[in-house]
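Note that this is a predicted model, so its numbers are computed, not measured. For this chain, numbers begin at 1 and follow the sequence in order.
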Amino acid sequence: MTNMITILTGAGISAESGLGTFRDEGGLWAQHRIEDVATPEGFMRDPELVHGFYNARRAQAADAVPNAAHVALAKLEAGFDGEVLIVTQNVDGLHEAAGSQNVLHMHGQLDSALCAACERRWPAPLVMQPSDACPHCEAKATRPDIVWFGEMPYGMHSIEDALARTTLFASIGTSGNVYPAAGFVAQARQLGCPTIELNMEASQGGSLFDTRRLGPASEVVPAWVEELLSA
Ligand code: OAD
């Protein structure tokens, strides 16, 4: 069997790059209502508000640089004898900026725009607004290419397929509050795959992991990667 590591990442891996998490004290969901800025209904009610929220996040992400945890995961992909897949819930591009190539953005990407009418995508401008027309069909139905609550995450078939082949499942910097991502550890376990959590604190489903490393991602992730590459 080919070695394959599937790594689920969440907002915690980008925290030390200056991007806010969602549920930590003072996090994004303490400042904004999910119903207003992260649901299709919220976008229908007030597209200007929703674009404003993601414009601010896009600007912040554009200025952010990868930290030691992103860099270590890119090094793992380059040096590991087998496949490494990053399944990220993050909408920033810091994994790619660090050099990771096999990255699946299950919750979408800030730097992508989507037409709700024709479903085509194009690179998002730094500032999006409700009056923007789709460059393909010209409908004024452009939206951030972000998966909102109530929508189906991207790449679920590929993720299911990867979990079935995975020989090590790791979760980094996620609180385990949002499904289906929060259920991947249980799926991996059911398939007999070893599981490890690297996070600042134990997550919701923390007891499902075989092993746990607690601490800042910029410290625990590089140390873990060194161990894997020297094994
Ligand atoms: P959360 O904000 O829910 O969780 C972040 C996790 O990172 C927490 O468990 C923190 O303890 C941990 N953490 C914080 N700083 C860290 C650091 N420096 N090193 C390591 N860990 C750290 O974010 P997510 O779990 O990513 O979805 O949230 C999942 C989804 O909920 C997001 O993708 C987003 C949100 O609603 C949508 O918007 C659809």
Side-chain angles (χ1 to χ4, degrees), residues 5-32 53-80 83-112 124 126 144-147 168-178 181-182 184-185 195-204 206 209 211-231:
I5 308 177
T6 299
I7 304 166
L8 174 69
T9 64
I13 197 167
S14 296
E16 290 164 86
S17 294
L19 302 181
T21 61
F22 295 95
R23 295 174 182 80
D24 291 307
E25 209 182 316
L28 280 167
W29 294 156
Q31 302 165 47
H32 305 270
F53 174 73
Y54 289 101
N55 288 342
R57 298 194 58 210
R58 191 176 299 111
Q60 205 190 18
D63 285 342
V65 291
N67 64 56
H70 299 102
V71 172
L73 294 187
K75 189 174 165 193
L76 179 64
E77 182 182 339
F80 184 66
E83 189 181 345
V84 174
L85 169 67
I86 295 175
V87 176
T88 188
Q89 299 168 87
N90 297 343
V91 292
D92 63 59
L94 294 179
H95 285 303
E96 291 88 342
S100 287
Q101 294 184 5
N102 203 12
V103 183
L104 195 158
H105 282 269
M106 65 180 293
H107 288 169
Q109 290 176 256
L110 284 168
D111 61 7
S112 174
L126 208 49
D145 190 8
I146 302 287
V147 176
L168 175 63
F169 175 78
S171 168
I172 303 176
T174 175
S175 63
N177 274 283
V178 176
F184 294 163
V185 58
T195 56
I196 178 167
E197 164 164 62
L198 302 99
N199 207 31
M200 192 67 101
E201 59 194 15
S203 66
Q204 283 279 331
F209 290 90
T211 320
R212 181 180 294 155
R213 309 270 173 96
L214 298 185
S218 66
E219 292 174 19
V220 294
V221 176
W224 173 66
V225 165
E226 284 311 316
E227 280 172 40
L228 288 171
L229 290 179
S230 58

Excluding sequence neighbours, so at least two apart, what forms salt bridge (charged side-chain N to carboxylate O under 4.0 Å, His left out) with [X]?
X	result
D111	none
E83	R165
R57	none

Identify each donor-acceptor pair in which a side-chain atom of residues 5-15 lies under 3.5 Å from a protein atom, sequence neighbours left out, and give them as a table.
unit_1 : atom_1 : unit_2 : atom_2 : d
T6     : OG1    : T166   : OG1    : 2.5
T9     : OG1    : T88    : OG1    : 2.7
T9     : OG1    : H95    : NE2    : 3.0
S14    : OG     : H70    : NE2    : 3.3
S14    : OG     : D92    : OD2    : 2.8

For [X] and [Y], work out which heavy atoms get closest and say how close.
X	Y	value
S203	G176	CB-N, 4.3 Å
A61	L110	CB-CD1, 3.8 Å
A64	S17	CB-O, 3.7 Å

Side chains of [X] and [Y], heavy atoms from C-beta outward: is any pair under 4.5 Å?
X	Y	result
F169	I196	no
E96	V103	yes
F209	S171	yes
L19	L94	yes

How far does [atom1] of [X] sit from [atom2] of [Y], to the nearest 0.5 angstrom?
X	Y	atom1	atom2	answer
I172	N199	CD1	CG	9.5 Å
Q60	Y54	CD	OH	13.5 Å
F22	H32	CZ	NE2	10.5 Å
T174	F184	OG1	CZ	10.0 Å
W29	D24	CH2	CG	13.5 Å

Open item on the list: Going by the rule side chain to side chain donor-acceptor pair (under 3.5 Å), which residues pair with S112 if we only count those two or more places apart in sequence or in a different chain?
Closed with: D145
Task: Which residues share a side chain to side chain donor-acceptor pair (under 3.5 Å) with N55, sequence neighbours left out - done: R58
- [ ] Report the residues that fulfil side chain to side chain contact (heavy atoms under 4.5 Å, CB included) with E77, sequence neighbours left out, ordered by chain and then residue number.
- [x] V84, S100, Q101, N102
TODO: Sequence neighbours left out, what passes side chain to side chain contact (heavy atoms under 4.5 Å, CB included) with S175? Give chain and number order.
DONE: R23, N177
Please tabulate, for side-chain N and O atoms in residues 219-231, each donor-acceptor pair with protein atoms closer than 3.5 Å (sequence neighbours left out).
unit_1 : atom_1 : unit_2 : atom_2 : d
E226   : OE2    : K75    : NZ     : 2.6
E227   : OE1    : R213   : NH2    : 3.1
E227   : OE2    : R213   : NH1    : 3.3
S230   : OG     : E226   : O      : 2.8
S230   : OG     : E227   : O      : 3.3

- [ ] Might you work through the side-chain contact (heavy atoms from CB on, under 4.5 Å) test for V178 and H107, ending with a clear yes or no?
- [x] CA-CA 11 Å; V178 176; H107 288 169; 4.2 Å; yes
Open item on the list: I'd like to know if the side chain of Q89 reaches the main chain of M106, judged simply by a donor and an acceptor atom lying under 3.5 Å from each other, with no hydrogens or angles considered.
Closed with: no
Task: Side chains of T211 and E197, donor plus acceptor under 3.5 Å - done: no
